[in-house]
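By convention in this document, chain letters (A, B, ...) are assigned in the order of the sequence lines, proteins followed by strands, and residues within each chain are numbered from 1.
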Amino acid sequence: MPESVHSLLHSESVRDAVTVAGWVRTRRDSKEFSFIEVNDGSCLANLQILVEAACQDYGIVGTVHTGAAIRVEGELVASPGKGQRWEVRARRLQLVGPAPEDFPLQKKRHTDEFLRTIAHLRPRTNKYGAMFRIRARLAHAVHEFFHQRGFYWIHTPIITGADCEGAGEMFRVTTLDLDNIPKVNGAVDFSQDFFGKEANLTVSGQLSVETCCLALGKVYTFGPTFRSENSNTSRHMAEFWMIEPEIAFADLRDDMALGEELVRHLVRFVQQECAEDLDLFARFVDKDLPARLENIASHEFIRLSYTETVELLQKSGRKFEFPPAWGHDLQSEHERFLTEDHFKQPVIVYDYPREMKAFYMRQNDDGRTVAAMDILVPAIGELIGGSQREERYDHLERRIAELGFDLADYWWYLDTRKYGTVPHAGFGLGFERLLMLVTGVGNIRDVIPFPRTPKHLEF
RNA sequence: UCCCCGGUAGCUCAGUCGGUAGAGCGGGUGGCUGUUAACCACUAGGUCGGCGGUUCGAGCCCGUCCCGGGGAGCCA
């Protein structure tokens, strides 16, 4: 196996015999020798290869174009040139996989729009390589965060038979022959489908993970989530990854504290552990990124009740397209005003009107609000949505009935309140939105290798 | 789904008043230098998103469709 570029660049000394393999980023020819910069994805930096005329494979240098895969054997030596400490003087150069002249990635800046059309090649760019390294390390840090605090990772189902998750449009899962759908009295006969009933992709693991919360105490899910909303924005996808912790014997205050601790911990993690890749985003994507991350990591989030928020917006003197009013959703322009203009940092809004929120959220004593909370962040808006859950059987049952849902569909969920119910709370954090926050990337389609959005399933 | 903007070489873009296609990068050839998005010269490369219309003449004006982007709603 070849040694990684990362490892070679961090070598303590010269090395007599090393092997490195990767993809060519650029080549510079002189009359008697060539420089090849190779990147193997192990880090942002390239390794410079010197191929001299004396090298027995010098003859193939001309076939080594940008994008080609090569394997090099040689010695690691101190580089006399500027810009790098080490370089490899090649003894052998092998063209593992050539890249013809129509290789789409040039040694110049490409637009994100173009790179989206070649999602199979964009990981080979500096920016997307950095993004996917950060993504992987951040995902690991999420698990680490929870593990250190005694949480258990629960694998909630991807396929759900419950239409009671209540968080948006769902993708149907079926093995029925769509050209010949079995029907009874004009309606689809799902008894003949694979599961014998309607099945969908999950829109949230929350209801499932609550059952484990009320057994293991502190739990979370972290996995793919699906929404078939026809959303065409820079911060929505049909398939995304969501982190959903759920804590027992806890209220909304505990929930907000956990959300804030998680976000600030992960921001700090990226600052400290992904510095080289993060610097690329600070230089080429968002100049204000370092200051914004430091601001998030080092300051407590603002907490404001929904009622206080509406009053603040109304008294702000700001002319909004949609005037804020109690009982109406906060608009994007309202959220941006709070996080970007007024407070200039994340804001937690809590205790929303019950009509705006889901059935499972705990009703407050005022009779008109529920113990819900959203964490809003600059540039992105809602990063976290959560609540204390309604743990009182009669309240929950009444709310389900009020909304016209069928109580029978919720039998197992209600059972958790019938037997040993306890106050508990949780939230959902959009992993891709977190990546947007920590990298400054403005479009959610650029923080995941293969984005799924309406009318886009190319790769 | 609604509103706005855009589609010109492999990529990034320019193209004036409607007058018949340009640059840089990338590719090829040659030169030169321990080079750093190397540099210099030469060269190849185009159904101007598709279709229809107006005009003597359309990359440019009109209609329509397709595709892309931004904003809004829904939310994570």
Side-chain angles (χ1 to χ4, degrees), chain A residues 25-37 45-52 62-63 65-67 77-84 87 89 99-118 121 125-126 166-169 203-206 221-222 224-244 259 263 284 321-322 328-333 335-336 356-358 374-377 380-386 427-437 442-448 453-456 458:
Chain A
R25 285 297 167 77
T26 182
R27 192 186 87 220
R28 294 179 290 273
D29 297 320
S30 293
K31 195 172 188 178
E32 299 292 319
F33 51 89
S34 289
F35 294 108
I36 298 171
E37 285 198 31
N46 303 325
L47 179 64
Q48 177 164 288
I49 310 293
L50 172 65
V51 189
E52 297 166 304
T63 67
H65 294 125
T66 297
V77 298
S79 176
K82 292 173 185 163
Q84 62 279 320
E87 65 186 21
R89 182 183 297 151
E101 64 186 66
D102 60 349
F103 180 63
L105 294 172
Q106 55 172 310
K107 305 185 298 186
K108 212 183 157 186
R109 196 187 169 283
H110 291 283
T111 61
D112 292 323
E113 292 78 13
F114 169 67
L115 292 171
R116 260 171 239 152
T117 69
I118 51 168
L121 296 174
T125 64
N126 288 337
E169 296 297 310
V203 293
S204 165
Q206 180 202 317
T221 74
F222 185 10
T225 309
F226 308 88
R227 307 264 167 98
S228 62
E229 305 281 354
N230 188 19
S231 294
N232 293 287
T233 80
S234 56
R235 57 192 185 283
H236 290 86
M237 289 188 295
E239 176 182 298
F240 62 100
W241 285 61
M242 190 154 63
I243 300 154
E244 297 180 280
V263 172
F284 299 119
E321 186 185 347
F322 297 94
H328 290 79
D329 276 311
L330 296 180
Q331 302 285 321
S332 284
E333 57 176 339
E335 297 177 355
R336 280 202 304 275
M356 291 166 42
K357 293 293 183 180
D374 288 347
I375 299 186
L376 312 174
V377 296
I380 291 154
E382 187 176 343
L383 177 65
I384 282 178
F427 61 80
L429 186 161
F431 186 56
E432 283 77 16
R433 290 189 181 174
L434 178 68
L435 278 161
M436 293 172 73
L437 180 72
N443 195 312
I444 200 166
R445 297 166 187 136
D446 300 328
V447 303
I448 190 169
T453 54
K455 303 285 184 284
H456 290 90
E458 181 65 25

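B:rA37 and B:rU12 have their C1' atoms separated by 13 Å, with the value rounded to a whole Å. Atom name P, nucleotides B:rC65 and B:rU1: the rounded distance is 13 Å, in whole Å. Of the C1' atoms belonging to B:rG15 and B:rG22, the separation is 7 Å, rounded to the nearest Å. Of the P atoms belonging to B:rG71 and B:rU36, the separation is 39 Å, rounded to the nearest Å. Using P as the reference atom, B:rA44 and B:rU64 are 42 Å apart when rounded to the nearest Å. With both ends at atom C1', the span from B:rU54 to B:rA58 equals 10 Å, rounded to whole Å. Comparing the P positions of B:rG53 and B:rC11 gives a spacing of 30 Å, expressed to the nearest Å. With both ends at atom P, the span from B:rC62 to B:rG26 equals 38 Å, rounded to whole Å.
Taking atom CE of A:M237 as the reference point, atom C1' of B:rC74 lies 16 Å away to the nearest angstrom. Remark: P of B:rA76 and CG of A:L376 are 12 Å apart, rounded to the nearest angstrom. Rounded to a whole Å, the CZ atom of A:F33 is 15 Å from the P atom of B:rA38. Between the P atom of B:rC74 and the CZ atom of A:R433 lies a distance of 12 Å, rounded to the nearest Å. Going from atom CG of A:L50 over to atom C1' of B:rU35 covers 10 Å, rounded to whole Å. A:F114 places its CZ atom 14 Å from the C1' atom of B:rG7, with the value rounded to the nearest Å. Atoms CG (A:L121) and P (B:rC11) sit 13 Å apart, rounded to a whole Å. B:rC11 atom P lies 16 Å from atom CG of A:D112, rounded to whole Å.
The closest donor-acceptor contact from the side chain of A:E169 to the backbone of A:E229 lies at 3.5 Å or more, if one exists at all. Checked by atom type and distance alone, the side chain of A:N443 pairs as donor or acceptor with a backbone atom of A:R445 at under 3.5 Å. Put simply, the side chain of A:R235 never gets that close to the backbone of A:R433: no donor and acceptor are under 3.5 Å apart. Side-chain atoms of A:R227 come within 3.5 Å of backbone N or O of A:V203 as a donor-acceptor pair. In this structure, the side chain of A:T453 does not engage the main chain of A:H456 through any donor-acceptor pair within 3.5 Å. A donor-acceptor pair under 3.5 Å links the side-chain atoms of A:E432 to the main chain of A:W241, judged by distance alone. A donor-acceptor distance shorter than 3.5 angstrom exists from the side chain of A:E333 to the backbone of A:F322, with no hydrogens or angles considered. Side-chain N or O atoms of A:E244 include one that pairs as donor or acceptor with a backbone N or O of A:G205 at under 3.5 Å.
Nearest-nucleotide positions on RNA chain B place A:D29 closer to the 5' end than the other of A:D29 and A:I384.
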In B/S/- notation, 5' to 3', how is nucleotides 45-51 of chain B contacted by protein heavy atoms closer than 4.0 Å? -------
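Here the CD-CZ distance, from A:Q48 to A:R28, works out to 5.5 Å after rounding to the nearest 0.5 Å.
Judged as a side chain to side chain donor-acceptor pair (under 3.5 Å), and not counting sequence neighbours, A:T117 has no contacts. Scanning for salt bridge (charged side-chain N to carboxylate O under 4.0 Å, His left out) contacts around A:D29 gives A:R27, with sequence neighbours left out.
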Decide side chain to side chain contact (heavy atoms under 4.5 Å, CB included) for A:L115 and A:D446; before the verdict, give the C-alpha distance in whole Å, the side-chain angles of both, and the deciding distance to 0.1 Å. CA-CA 9 Å; A:L115 292 171; A:D446 300 328; over 6 Å; no
Check the pair A:L429 / A:V263 against side chain to side chain contact (heavy atoms under 4.5 Å, CB included), numbers first and verdict last. CA-CA 9 Å; A:L429 186 161; A:V263 172; 4.0 Å; yes
For A:Q84 and A:N46, run side chain to side chain contact (heavy atoms under 4.5 Å, CB included): C-alpha distance rounded to whole Å, both residues' side-chain angles, the deciding distance at 0.1 Å, then the answer. CA-CA 9 Å; A:Q84 62 279 320; A:N46 303 325; over 6 Å; no
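Taking only distance into account, the side chain of A:E37 never meets the base of B:rU35 through a donor-acceptor pair shorter than 3.5 Å.
Checked against B:rC11, B:rC32, B:rA76, the side chain of A:E382 finds its nearest nucleotide in B:rA76. Side chain of A:R227, nearest nucleotide from B:rC11, B:rA76, B:rU36: B:rA76. Taking the side chain of A:E229 as heavy atoms from C-beta on, and the options B:rC74, B:rU36, B:rA76, the nearest nucleotide is B:rC74. Side-chain proximity of A:Q48 to B:rG34, B:rC11, B:rA76: nearest is B:rG34. Residue A:F35 places its side chain closer to B:rG34 than to any other of B:rG34, B:rA76, B:rU12.
Residue A:R28 has no polar side-chain atom (N or O) positioned under 4.0 Å from OP1 or OP2 of B:rU35. Contact annotation: A:K31 side-chain N/O to B:rC32 OP1/OP2 distance is under 4.0 Å.
A:E239 comes within contact range of no nucleotide atom at all, as no heavy-atom separation falls under 4.0 Å. Heavy atoms of A:L383 sit under 4.0 angstrom from primed sugar atoms or phosphate atoms, though from no base atom. Here A:G385 lies in heavy-atom contact (under 4.0 Å) with sugar-phosphate atoms only. The residue A:F427 sits apart from the nucleic acid: no heavy atom pair falls under 4.0 Å.
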Would you tabulate the pairs of protein nitrogen or oxygen atoms and nucleotide nitrogen or oxygen atoms of nucleotides 25-29 of chain B closer than 3.5 angstrom?
residue: B:rC25; atom: O2'; partner: A:Q106; partner atom: OE1; Å: 2.8
residue: B:rC25; atom: O2; partner: A:Q106; partner atom: OE1; Å: 3.1
residue: B:rG26; atom: OP1; partner: A:K107; partner atom: NZ; Å: 3.4
residue: B:rG27; atom: O2'; partner: A:E101; partner atom: OE1; Å: 3.0
residue: B:rG28; atom: OP1; partner: A:H65; partner atom: NE2; Å: 2.6

Could you list, one pair per line, each protein nitrogen or oxygen that sits under 3.5 Å from a nitrogen or oxygen of nucleotides 64-73 of chain B, together with the distance?
residue: B:rG68; atom: OP1; partner: A:H456; partner atom: NE2; Å: 2.3
residue: B:rG69; atom: OP1; partner: A:R116; partner atom: NH1; Å: 3.0
residue: B:rG70; atom: OP1; partner: A:N443; partner atom: ND2; Å: 2.6
residue: B:rG70; atom: OP2; partner: A:N443; partner atom: ND2; Å: 3.4
residue: B:rG70; atom: OP2; partner: A:R445; partner atom: NH1; Å: 3.4
residue: B:rG71; atom: OP2; partner: A:S234; partner atom: OG; Å: 3.3
residue: B:rA72; atom: OP1; partner: A:R336; partner atom: NH1; Å: 2.7
residue: B:rA72; atom: N6; partner: A:N232; partner atom: O; Å: 3.3
residue: B:rG73; atom: OP1; partner: A:Q331; partner atom: OE1; Å: 2.6
residue: B:rG73; atom: OP1; partner: A:S332; partner atom: N; Å: 3.2
residue: B:rG73; atom: OP2; partner: A:S332; partner atom: OG; Å: 2.8
residue: B:rG73; atom: N2; partner: A:N230; partner atom: O; Å: 3.3

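Pairing analysis of RNA chain B (Watson-Crick: purine N1 to pyrimidine N3 plus N6-O4 or O6-N4; G-U wobble: N1-O2 and O6-N3; both under 3.5 Å) yields stems of 3 or more pairs at B:1-7 with B:66-72, B:10-13 with B:22-25, B:27-31 with B:39-43, B:49-53 with B:61-65.
A distance cut-off of 5.5 Å between ring centres, combined with a plane angle under 30°, places A:F240 in a stacking arrangement with the base of B:rA76.
Between A:T66 and A:F103 there is a side-chain heavy-atom pair separated by less than 4.5 Å.
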